[in-house]
2 protein chains.
Amino acid sequence: MRRPTIADIARRAGVSQAAVSFALNGRPGVSAATRDRILAAADALGWQPNTAARSLSAAAAGAVGLAVARPARTLGVEPFFMQLISGIQAELSERGYALLLDLVEDVHAEASVHRRWWAERRVDGVLLVDLRTGDPRPEVLREIGMPAVLAGGPDPTGAVPGVWVDDARAMTAVVEHLHGLGHERLAHVSGPPVMEHSAHRAEAFGAAAGPEAARAATDFSDAEGAVATRGLLRRRPRPTAIVYDNDVMAVAGLSAARQAGLSVPGDLSVVAWEDSALCRLTHPTLTALTRDAFRFGAAAAARLLDLVRHGPGGGAVGDTEFELPELVVRESTAPPRPNGG
Amino acid sequence: MRRPTIADIARRAGVSQAAVSFALNGRPGVSAATRDRILAAADALGWQPNTAARSLSAAAAGAVGLAVARPARTLGVEPFFMQLISGIQAELSERGYALLLDLVEDVHAEASVHRRWWAERRVDGVLLVDLRTGDPRPEVLREIGMPAVLAGGPDPTGAVPGVWVDDARAMTAVVEHLHGLGHERLAHVSGPPVMEHSAHRAEAFGAAAGPEAARAATDFSDAEGAVATRGLLRRRPRPTAIVYDNDVMAVAGLSAARQAGLSVPGDLSVVAWEDSALCRLTHPTLTALTRDAFRFGAAAAARLLDLVRHGPGGGAVGDTEFELPELVVRESTAPPRPNGG
DNA sequence: CTGTTAGCGCGTTCAT
DNA sequence: ATGAACGCGCTAACAG
């Protein structure tokens with residue numbers, strides 16, 4: 001019960017292997033009648049291409065990779081990620097590509113994985129997420145010449161094209177929302193400053209909220225989110241609104257505020273960057289920035305496939321902007337109490 | 001700047017390709033001196049095996065697949081999944097295997113993906129999760145003869161070996177904890193009855209909590225968790241404790257109870273199946289069943305690789321039990337109020 | 001024992 | 001529409 005090969009089809013249809021190959025790939029060089037006969041034979045035998053053989057001669061893997069350098073704990077907690085992967089996957093499978101996933105320790109391990117994947121011809125390109133300052137990955141990718149797209153760029157070194165979201169503009173919208181409600185003393189609980197997008201957001205926050213606005217940096221965890229919140233709430237004058245860089249920290253901050261005897265949104269307004277079930281399950285429900293992670297992933301994957309199939313000059317060039325996140329106003333933001341602070 | 005091949009190494013070392021192959025794979029047939037020379041040459045050229053070529057002659061893909069039939073929304077919200085994948089990945093990469101991930105609509109689509117992967121020789125085996133009643137996958141896998149392991153078995157049809165957790169015993173432990181606190185009217189908010197593990201848990205709950213215990217089935221979402229909770233709390237006599245089949249529903253139930261004017265754990269005790277940051281961020285914090293999803297994934301992957309490399313008779317046979325989940329008691333469970341109900 | 005030659009695996013492609 | 005060679009690594013058979 002060996003799997004049928006091109007040779008089997010050729011034998012059954014009484015033609016050469018070359019004819020079979022042409023027929024199966026729908027190219028000229030075979031008469032309609034022969035083509036039908038060949039296709040019928042292939043169908044009868046239940047033939048499927050052998051990926052390894054095809055990859056060997058095509059010198060292409062038919063797969064793209066995603067190596068992620070984040071602790072499993074963090075990954076698990078953030079719905080964003082699975083949605084992103086799901087979107088990537090949807091785009092890839094539609095075009096017949098497979099997704100190789102690797103979860104690693106840090107960006108250096110990630111760069112090694114990229115090297116290995118490329119050397120072994122396991123993938124035709126990779127997607128990058130979570131760019132850090134001084135990130136070694138773009139340079140490695142440029143060096144080995146592997147197609148890559150950064151989901152969440154742009155890459156400041158310009159080595160890797162990105163599909164990116166204008167975090168700065170989104171942050172400005174958040175600050176304007178809070179200003180519009182009458183808040184004057186804002187604070188920002190950000191992710192690690194080594195993350196490019198964290199840095200961008202912090203910068204945009206500073207620009208929009210004024211120089212005396214308060215900030216605190218964290219590692220994105222609920223624990224540090226709570227600690228940062230307690231620190232900010234001890235300040236005098238106390239901030240009346242805090243923007244958190246993810247949903248998990250926003251929820252943790254909510255708890256911390258409540259433990260400090262403050263009510264939300266009475267004494268403190270809270271905004272979460274990244275929406276999720278979490279934001280809808282708390283009391284009060286959280287005002288949050290939503291973006292469609294699924295479509296974002298799909299867009300990044302599409303861009304990568306363009307690069308893989310048409311080369312650097314084939315499709316779009318440079319960075320592609322993705323739609324702006326939308327602010328969903330819920331219960332956690334309200335005008336500050338006149339006597340607040 | 002072509003990638004170096006075996007032929008390049010052979011030329012550089014002044015030997016035949018066969019000698020190079022033997023040397024690189026550490027097998028007899030080459031003298032120590034020649035071997036060193038060959039390895040040095042390979043190293044100097046920076047040679048790496050071409051996966052496609054190796055797969056072609058080895059008739060093995062060097063990869064295993066995981067196709068998941070769950071809505072992206074659900075996947076994202078449950079930390080369990082990323083942890084599981086992370087554990088799978090850790091085990092695979094240690095043994096040089098890659099992970100192919102596919103997120104699909106339903107189990108039928110999943111079965112098609114399995115068929116295609118196997119026909120195209122993209123993978124050497126697959127991992128299965130979320131077995132349903134009447135699930136088509138085990139039968140398909142048996143039919144095509146692809147190695148597979150069920151993470152969360154056992155498979156009642158016996159077609160696929162499983163690495164499983166004794167949900168029944170865990171459920172019994174939960175019920176005993178609640179009985180020990182003095183609760184007599186228990187309720188269970190389960191997942192979809194078509195999920196094998198949901199059915200097992202519900203059955204075990206019925207056996208441990210007695211025939212008049214209340215149950216409600218959901219789709220695992222926060223929305224249905226809330227609805228189910230409201231329904232259960234309208235019963236007279238009212239349950240004094242509810243066990244939820246996941247963390248998301250437990251949190252949603254907490255909110256629903258509070259909206260119904262009940263306090264937790266004063267009027268109602270709550271237990272979540274599956275622990276996560278969610279359980280630690282709520283007020284009160286939730287008593288939960290913890291299991292090490294990372295190690296669970298690693299165990300399932302290890303079992304699959306055994307099967308792939310040594311065949312059905314090679315390693316362990318049949319189902320393998322994984323450690324029992326542990327009950328972490330937090331603030332959401334307490335003795336019922338004497339005047340409760 | 002050391003090393004070579006030849007040919008396989010499977011689909012694609014170039015002369016003819 | 002065909003025969004033959006190619007891509008790359010592995011290995012059975014064989015010679016020194």
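- For the pair A:Leu24 and A:Trp47, the minimum side-chain heavy-atom distance is below 4.5 Å.
- Residue A:Trp47 places at least one side-chain N or O under 4.0 Å from the OP1 or OP2 atom of C:dG11.
- The nearest whole Å value for the distance from the CZ atom in A:Arg3 to the C1' atom in C:dG9 is 15 Å.
- A 4.5 Å side-chain heavy-atom check between A:Pro161 and A:Leu150 finds every atom pair outside the cut-off.
- Between the side chain of A:Asn50 and the main chain of A:Ala52, a donor-acceptor pair closer than 3.5 Å is present.
- Of the candidates C:dT4, D:dC8, C:dG11, C:dT4 carries the atom nearest the B:Phe22 side chain, counting heavy atoms from C-beta on.
- Following rounding to the nearest Å, B:Arg11 (CZ) and C:dG3 (P) show an atom-to-atom distance of 19 Å.
- No engagement by A:Val20 is indicated, since no non-hydrogen atom pair under 4.0 Å with the nucleic acid exists.
- Contact annotation: A:Ser16 reaches the phosphate of D:dT2 (side-chain N/O to OP1 or OP2, under 4.0 Å).
- Among the heavy atoms of the strands lying under 4.0 Å from B:Gln48 are primed sugar atoms or P, OP1, OP2 only; no base atom is included.
- Atom CG in A:Asn25 sits about 17 Å away from atom P in C:dC10, given to the nearest Å.
- Side-chain atoms of A:Arg132 come within 3.5 Å of backbone atoms of A:Asp130 as a donor-acceptor pair (strictly under, hydrogens ignored).
- Between B:Arg37 atom CZ and C:dT2 atom P the separation is 14 Å, expressed in whole Å.
- Atom CD1 of B:Ile38 and atom C1' of C:dT4 are 12 Å apart (whole Å).
- At C:dT13, none of the side-chain N or O atoms of A:Ser57 fall inside 4.0 Å of OP1 or OP2 (strictly under the cut-off).
- Between the CZ atom of A:Arg54 and the C1' atom of C:dG9 there is a distance of 15 Å, given to the nearest Å.
- For D:dG7, neither phosphate oxygen OP1 nor OP2 lies less than 4.0 angstrom from any side-chain nitrogen or oxygen of B:Asn50.
- Going from atom CG of A:Asp8 over to atom C1' of C:dG11 covers 13 Å, rounded to whole Å.
- Dashed line: the shortest gap from a side-chain N or O of B:Ser21 to OP1 or OP2 of D:dC10 is under 4.0 Å.
- We find that CZ of B:Arg35 is positioned 9 Å from P of C:dT2, with the value rounded to whole Å.
- Residues B:Ala18 and B:Leu56 each lie close to DNA chain D; by heavy-atom proximity, the contact nearer the 5' end of the strand is made by B:Leu56.
- For A:Ile6 and B:Val30, each mapped to the nucleotide of DNA chain C holding its nearest heavy atom, the one lying further toward the 5' end belongs to B:Val30.
- Taking every side-chain heavy atom of B:Gln17 into account, D:dC10 is the closest of D:dC10, C:dG3, D:dT2.
- Checking the phosphate oxygens (OP1, OP2) of D:dT11, a side-chain nitrogen or oxygen of B:Arg27 falls inside 4.0 Å.
- Counting only heavy atoms from C-beta outward, the side chains of A:Val68 and A:Phe81 approach each other to under 4.5 Å.
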